[in-house]
Novice: 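Below are the structure tokens for one structure; questions will follow.
Keep in mind that this is a model prediction, so the values were computed, not measured.
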Amino acid sequence: MLTTWLPEENIQFVDAVNDWKQAINLSAAPLLKSKAITEQYLEAILKSHQELGPYYVLAPGLAMPHARPEQGVIKNGLSLLHIKEGVSFDARENDPIYVVIMLCALSGDEHIRMISALAEVFSDEMRLEGLLKAETMHDIQCVITNR
């Protein structure tokens with residue numbers, strides 16, 4: 001299922017970003033391009049971060065920004081941004097963040113299905129480590145498909 005939601009064109013590698021806002025904007029770019037989300041969705045994520053802090057930082061090195069379906073989701077999708085040097089999201093013990101996975105789901109049920117599929121990756125220490133240290137598209141695909 002993850003490969004359906006996370007096609008190769010939604011995976012990006014960069015050496016560095018200036019700050020967490022640039023990381024969020026870059027991670028949203030493939031979803032905006034494929035018309036999975038609107039600009040309002042991106043704005044909702046940035047606003048929530050400013051109001052609530054980095055609530056979507058899930059583990060050391062890993063962030064999963066998202067907003068509510070009614071805030072601009074057009075279709076289900078995921079994007080993945082891998083930041084080689086990492087970036088601070090002001091998430092204390094979880095910084096620096098190396099992987100930003102943006103999630104957009106049309107409904108609560110779809111959101112849960114996507115989170116469940118991602119949780120299989122995140123809860124496996126070897127797969128999570130592989131994701132955080134990935135250097136190539138092939139590395140990411142091996143983690144996603146559990147090869």
Novice: Specify the closest pair of heavy atoms between I24 and M102, including all atoms of both residues, with the distance to one decimal.
Specialist: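 Scanning both residues completely, I find the closest heavy atoms to be O-CE, 3.6 Å.
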Novice: Roughly how far apart are L132 CG and L128 CG, rounded to 0.5 Å?
Specialist: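 Nearest 0.5 Å value for the CG-CG distance: 4.5 Å.
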Novice: How far apart are the closest heavy atoms of A23 and I83, and which atoms are they?
Specialist: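 In this case the closest contact between A23 and I83 is CB-CD1, 3.9 Å.
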Novice: Indicate if L78 and L58 have the same hydrophobic cluster label, given that clusters are the connected sets of ILVMFWY residues with side-chain heavy-atom separations under 4.5 angstrom.
Specialist: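 The answer is yes; both residues are in one hydrophobic cluster.
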Novice: With heavy-atom distances below 4.5 Å as the criterion, would you say the side chains of V87 and P96 are in contact?
Specialist: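 Side chain of V87 against side chain of P96, heavy atoms only: no contact under 4.5 Å found.
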Novice: side-chain contact (heavy atoms from CB on, under 4.5 Å) with I97: which of V57, L81, V17?
Specialist: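 Going through V57, L81, V17 one by one, the side-chain contact (heavy atoms from CB on, under 4.5 Å) with I97 is satisfied by V57 alone.
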Novice: Keeping to residues at least two apart or across chains, list the salt bridge (Lys or Arg N to Asp or Glu O under 4.0 Å) pairs with something in residues 43-60.
Specialist: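 Applying salt bridge (Lys or Arg N to Asp or Glu O under 4.0 Å) to every pair that reaches into residues 43-60, excluding sequence neighbours, yields K47-E51.
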Novice: For T136, check side chain to side chain donor-acceptor pair (under 3.5 Å) against everything at least two apart and list the hits.
Specialist: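 D139.
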Novice: Should L131 and M137 be counted in the same cluster of Ile, Leu, Val, Met, Phe, Trp and Tyr side chains packed under 4.5 Å apart?
Specialist: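 Cluster IDs for L131 and M137 match.
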Novice: Is the CD atom of E9 crowded by more than 12 outside heavy atoms at less than 6.0 Å?
Specialist: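 Buried by this count: over 12 neighbours within 6.0 Å.
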Novice: Sequence neighbours left out, what passes side chain to side chain donor-acceptor pair (under 3.5 Å) with N76? Give chain and number order.
Specialist: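 Partners of N76 under the side chain to side chain donor-acceptor pair (under 3.5 Å) test: E110.
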Novice: Mind checking the OG1-CG spacing from T38 to L32? Nearest 0.5 Å is all I need.
Specialist: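 Rounded to the nearest 0.5 Å, the OG1-CG separation comes out at 7.5 Å.
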Novice: Restricting to side chain to side chain donor-acceptor pair (under 3.5 Å), what partner residues turn up for E125, sequence neighbours left out?
Specialist: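 Side chain to side chain donor-acceptor pair (under 3.5 Å) check on E125 returns nothing, list empty.
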Novice: Working to the nearest 0.5 angstrom, can you tell me the gap between I144 CD1 and E8 CD?
Specialist: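 Rounded to the nearest 0.5 Å, the CD1-CD separation comes out at 12.0 Å.
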Novice: Go through the steps for L62 and I101 under the test side-chain contact (heavy atoms from CB on, under 4.5 Å), then give the verdict.
Specialist: CA-CA 8 Å; L62 178 67; I101 297 177; 4.3 Å; yes
Novice: If you measure from NZ on K75 to CG on L106, what distance do you get to the nearest 0.5 Å?
Specialist: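 Reported to 0.5 Å precision, the distance equals 10.0 Å.
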Novice: Please enumerate all residues that pass side chain to side chain contact (heavy atoms under 4.5 Å, CB included) together with A67, with sequence neighbours excluded.
Specialist: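 If we apply the side chain to side chain contact (heavy atoms under 4.5 Å, CB included) test to A67, skipping adjacent residues, the hits are Y41, A44, I45, Q71.
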Novice: Please examine the side chains of L118 and L103, heavy atoms only from C-beta on, and report whether any two atoms are closer than 4.5 Å.
Specialist: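 They are in side-chain contact.
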Novice: Tell me if a side-chain donor or acceptor on D15 pairs with a main-chain N or O of K84 at a distance below 3.5 Å.
Specialist: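 No, because the side chain of D15 does not come within donor-acceptor range (under 3.5 Å) of the backbone of K84.
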Novice: Applying side-chain hydrogen bond (donor to acceptor under 3.5 Å, both in side chains) as the test, list every pair that has at least one member in residues 55-65; sequence neighbours left out.
Specialist: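 Qualifying pairs, neighbours excluded: H49-Y56.
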Novice: Which residue pairs pass the side-chain hydrogen bond (donor to acceptor under 3.5 Å, both in side chains) test when at least one of the two sits in residues 22-37, sequence neighbours left out?
Specialist: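 Of all non-adjacent pairs touching residues 22-37, those that pass side-chain hydrogen bond (donor to acceptor under 3.5 Å, both in side chains) are N18-Q22.
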Novice: Grab the two heavy atoms, one from V143 and one from G130, that are nearest each other, plus how far apart they are.
Specialist: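 V143 and G130 have their closest heavy atoms at CG2-C, 3.7 Å.
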Novice: Residues in ring-ring contact (aromatic ring centres under 6.0 Å, His included) with H66, at least two apart?
Specialist: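 With neighbours one apart ignored, the set is H111.
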Novice: Search all heavy atoms of W5 against all heavy atoms of A117 and return the closest pair with its distance.
Specialist: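 Result for this residue pair: CZ3-CB, 3.9 Å.
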Novice: Under 4.5 Å between side-chain heavy atoms, counting indirect links through other Ile/Leu/Val/Met/Phe/Trp/Tyr residues: same cluster for F89 and L52 or not?
Specialist: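 In one cluster with F89: L52, yes.
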Novice: Which residue pairs satisfy the ring pair (Phe, Tyr, Trp, His ring centres under 6.0 Å) criterion with at least one member in residues 118-147, sequence neighbours excluded?
Specialist: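 Pairs touching residues 118-147 that pass the test: none.
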Novice: Mind checking what makes side chain to side chain donor-acceptor pair (under 3.5 Å) contact with N10, not counting sequence neighbours?
Specialist: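 Side chain to side chain donor-acceptor pair (under 3.5 Å) list for N10, sorted by chain: empty.
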Novice: In Å and rounded to the nearest 0.5 Å, what is the CG to CH2 distance from D90 to W20?
Specialist: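 Here the rounded value is 8.5 Å.
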Novice: Restricting to side chain to side chain contact (heavy atoms under 4.5 Å, CB included), what partner residues turn up for S123, sequence neighbours left out?
Specialist: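 S123 satisfies side chain to side chain contact (heavy atoms under 4.5 Å, CB included) with no residue once adjacent residues are dropped.
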Novice: For N94 and A59, which heavy atoms make the closest approach, and how far apart are they?
Specialist: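 Reported closest heavy-atom pair: OD1-C, 3.4 Å.
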Novice: Nearest 0.5 Å please: distance from the CG atom of L6 over to the OG1 atom of T145.
Specialist: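 Rounded to the nearest 0.5 Å, the CG-OG1 separation comes to 11.0 Å.
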Novice: Is any side-chain heavy atom of Q12 closer than 4.5 Å to a side-chain heavy atom of L80?
Specialist: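 In short, these two side chains do not touch, never coming nearer than 4.5 Å.
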Novice: Look at the side chain of E93 and the backbone N and O of P60, then say whether any donor-acceptor pair between them is shorter than 3.5 Å.
Specialist: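 Checking the backbone N and O of P60 against the side chain of E93, no donor-acceptor pair under 3.5 Å is found.
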Novice: Tell me every residue that passes ring-ring contact (aromatic ring centres under 6.0 Å, His included) with F13, counting only those two or more places apart in sequence or in another chain.
Specialist: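 Partners of F13 under the ring-ring contact (aromatic ring centres under 6.0 Å, His included) test: H82.
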